[in-house]
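In this text, all values refer to a predicted model and were calculated from it rather than measured experimentally. Each ligand, and each atom within it, is numbered from 1 in the order the structure gives. Here, residue 1 is the first one in the sequence, and each next residue gets the next number.
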Amino acid sequence: MAPSHDYLAPYDLTGRVAVVTGGARGIGFACCEALHQVGATVIVADIDGPGAAEAAEKLGPDRATGVALDVTDSTQVDRLAADLAERHGGTDILVNNAGIARSETPAEEVADEHWRHVVDVNLNGLFWCCRAFGRTMLGRRHGTIVNIGSMSGFIVNRPQEQSYYNASKAGVHQLTKSLAAEWADRGVRVNAVAPTYILTELNAFVKENKEMYDAWIGHTPMGRMGEVHEVAAIVLFLATDASSLMTGSIVLADGGYTCW
Ligand code: NDP
């Protein structure tokens, strides 16, 4: 008897256009690889233009383009969304991955510029992208947005002090749910992934700090950090119709961190 449902078919993204912000390296690049591997045309959008071009080249000669994009500049974001609408008819998948940490500053010592910079990239920039690409998706009544939040949106990390980062990621989670609710009946799904510590440039400082590393691992039931592909696999699921019933979900990928 033939199965009643084809569970693999949604993972064929041939003909779909995906934008990944901060896609030049780290978790973002893993998301680019995952989406590209299953057939999507991938736009690697990063503040580091040459890095984005290099990343696109690594993906292969077909279906990958690197573009310079600073997500904090809403004019640039609007322009990219309009450009892709013109060239490809629209964007099917948006992965809002660009984010910064600048971790380890006690709240009472955080300068205005420091606070604004983190919130500007992690929350404001993410909103500009949701708004610009969301508009084109709503126009076609079709699209999926995956935001990269963090377990820091749920818990307060120990031992490093990073109120600005934690607050920005909690904002990402609530924004995800708000947009999901507003757009659910117009064909656009919005979800988020909330990862634990993943070893990338963002938190490479831990390599110099054994005490901090031990604390991170000690607070994690799995006893390890995550790998970029472990986040990208969830992003891929949320980006495809395999997750068609999900919107407004914040999927924790934390090695059990929040169990304790
Ligand atoms: P990386 O620092 O390795 O990569 C981030 C990329 O985003 C870089 O290429 C960076 O460019 C780019 N970027 C920075 N600012 C902007 C901007 N204004 N516009 C466009 N691109 C920008 O970070 P990760 O891969 O570790 O993190 C990716 C996401 O995952 C972030 O949102 C982060 O908060 C989140 N996350 C990461 C965790 C971790 O442990 N690594 C855990 C939980 C969540 P450049 O290098 O030139 O600045």
Asks: Record the part of Ile47 in heavy-atom contact with ligand 1 below 4.0 Å; permitted values are side chain, backbone, both and neither.
Replies: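 Both backbone and side chain.
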
Asks: Non-hydrogen atoms of Phe29 versus ligand 1: any pair closer than 4.0 Å?
Replies: no

Asks: State whether the shortest distance between N or O atoms of Pro195 and N or O atoms of ligand 1 falls below 3.5 angstrom.
Replies: no

Asks: Is Ala45 in polar range of ligand 1, meaning some N or O pair under 3.5 Å apart?
Replies: no

Asks: How about Tyr164 and His117: are their ring centroids closer than 6.0 Å?
Replies: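 No, ring centres 6.0 Å or more apart.
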
Asks: Would you mind checking which non-hydrogen protein atom is closest to atom 35 (C) of ligand 1, with the distance to 0.1 Å?
Replies: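 Atom 35 (C) of ligand 1 sits closest to the protein heavy atom Ile148 CG2, 3.6 Å.
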
Asks: Do the side chains of Phe133 and Val77 get nearer than 4.5 Å, heavy atoms only?
Replies: yes

Asks: If you measure from each non-hydrogen atom of Thr21 to ligand 1, which part falls under 4.0 Å: side chain, backbone, both or neither?
Replies: neither

Asks: Tell me: protein heavy atom nearest atom 2 (O) of ligand 1, and distance?
Replies: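 Looking at atom 2 (O) of ligand 1, the protein heavy atom closest to it is Arg25 NH2, 2.8 Å.
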
Asks: How about Asp254 and Met222: do any of their side-chain heavy atoms sit closer than 4.5 Å?
Replies: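 Heavy-atom side-chain distance check fails, nothing below 4.5 Å.
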
Asks: Does Asp48 reach ligand 1 with a nitrogen or oxygen that is under 3.5 Å from one of the ligand's nitrogen or oxygen atoms?
Replies: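 Min N/O separation from ligand 1 is not below 3.5 Å for Asp48.
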
Asks: Atom 10 (C) of ligand 1: which protein heavy atom is closest, and how many Å away?
Replies: Asp46 OD1, 3.8 Å

Asks: Going by heavy atoms, is Gly149 under 4.0 Å from ligand 1?
Replies: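 Per 4.0 Å heavy-atom rule, Gly149 contacts ligand 1.
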
Asks: Quick check for you: to the nearest 0.5 Å, what is the distance between Gln160 atom CD and Ser103 atom OG?
Replies: 6.0 Å

Asks: Can you check ring-ring contact (aromatic ring centres under 6.0 Å, His included) on Tyr197 and Trp216, steps first, answer last?
Replies: CA-CA 8 Å; Tyr197 299 109; Trp216 289 6; 3.6 Å; yes

Asks: Taking Met212's backbone N and O only, do any of them form a donor-acceptor pair with Asn209's side chain (distance below 3.5 Å, no angle check)?
Replies: yes

Asks: Quick one: does Thr72 get an N or O within less than 3.5 Å of an N or O on ligand 1?
Replies: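 For ligand 1, there is no N or O atom that lies under 3.5 Å from one belonging to Thr72.
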
Asks: Which option, Ala98, Gly99, Gly49, Gly28, owns the non-hydrogen atom nearest atom 5 (C) of ligand 1?
Replies: Gly99

Asks: Nearest 0.5 Å, what's the CD1-OG1 distance between Ile43 and Thr21?
Replies: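 One finds 13.0 Å between CD1 of Ile43 and OG1 of Thr21.
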
Asks: Could you identify the single nearest non-hydrogen protein atom to atom 42 (C) of ligand 1 and state the distance to 0.1 Å?
Replies: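 Scanning the protein heavy atoms, the shortest distance from atom 42 (C) of ligand 1 goes to Thr196 O, 3.1 Å.
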
Asks: Who gets closest to atom 28 (C) of ligand 1 by heavy atom: Asn97, Asp73, Asp70?
Replies: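 Considering heavy atoms of Asn97, Asp73, Asp70, the nearest to atom 28 (C) of ligand 1 sits in Asn97.
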
Asks: For a salt bridge (Lys or Arg N to Asp or Glu O under 4.0 Å) check, start with the C-alpha distance between Arg25 and Glu54, then their side-chain angles and the critical distance, and finish with the verdict.
Replies: CA-CA 10 Å; Arg25 68 178 197 209; Glu54 219 174 280; over 6 Å; no

Asks: How does Met225 reach ligand 1, if at all, at less than 4.0 Å between non-hydrogen atoms: by side chain, backbone, both, or neither?
Replies: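 None of Met225 does.
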
Asks: Just verifying a value: how many Å separate Leu179 CG and Thr247 OG1, rounded to the nearest 0.5 Å?
Replies: 9.0 Å

Asks: Would one find an N or O of Thr200, backbone or side chain, under 3.5 Å from an N or O of ligand 1?
Replies: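 Yes; at least one N/O pair falls below 3.5 Å.
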
Asks: For ligand 1, is there an N or O atom under 3.5 Å from any N or O atom of Val71?
Replies: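 There is such a contact, yes.
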
Asks: Would you say that Leu59 contacts Phe29 through its side chain, given a criterion of any heavy-atom pair below 4.5 Å between the two side chains?
Replies: yes

Asks: Run the numbers for me: atoms of ligand 1, each under 4.0 Å from some heavy atom of Tyr165, listed by number.
Replies: 33 (C), 34 (O), 35 (C), 36 (N), 43 (C), 44 (C)

Asks: For the pair Lys177 and Glu182, find out whether any cationic side-chain nitrogen is under 4.0 Å from an anionic carboxylate oxygen.
Replies: no

Asks: Polar-atom distance check: Val121 versus ligand 1, any N or O pair below 3.5 Å?
Replies: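 In fact, backbone or side chain, Val121 has no N or O that close.
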
Asks: Are Gly125 and ligand 1 in contact, using a heavy-atom cut-off of under 4.0 Å?
Replies: no

Asks: Around atom 37 (C) of ligand 1, find the nearest protein heavy atom and jot down its residue, atom name and distance.
Replies: Ile27 CD1, 3.7 Å

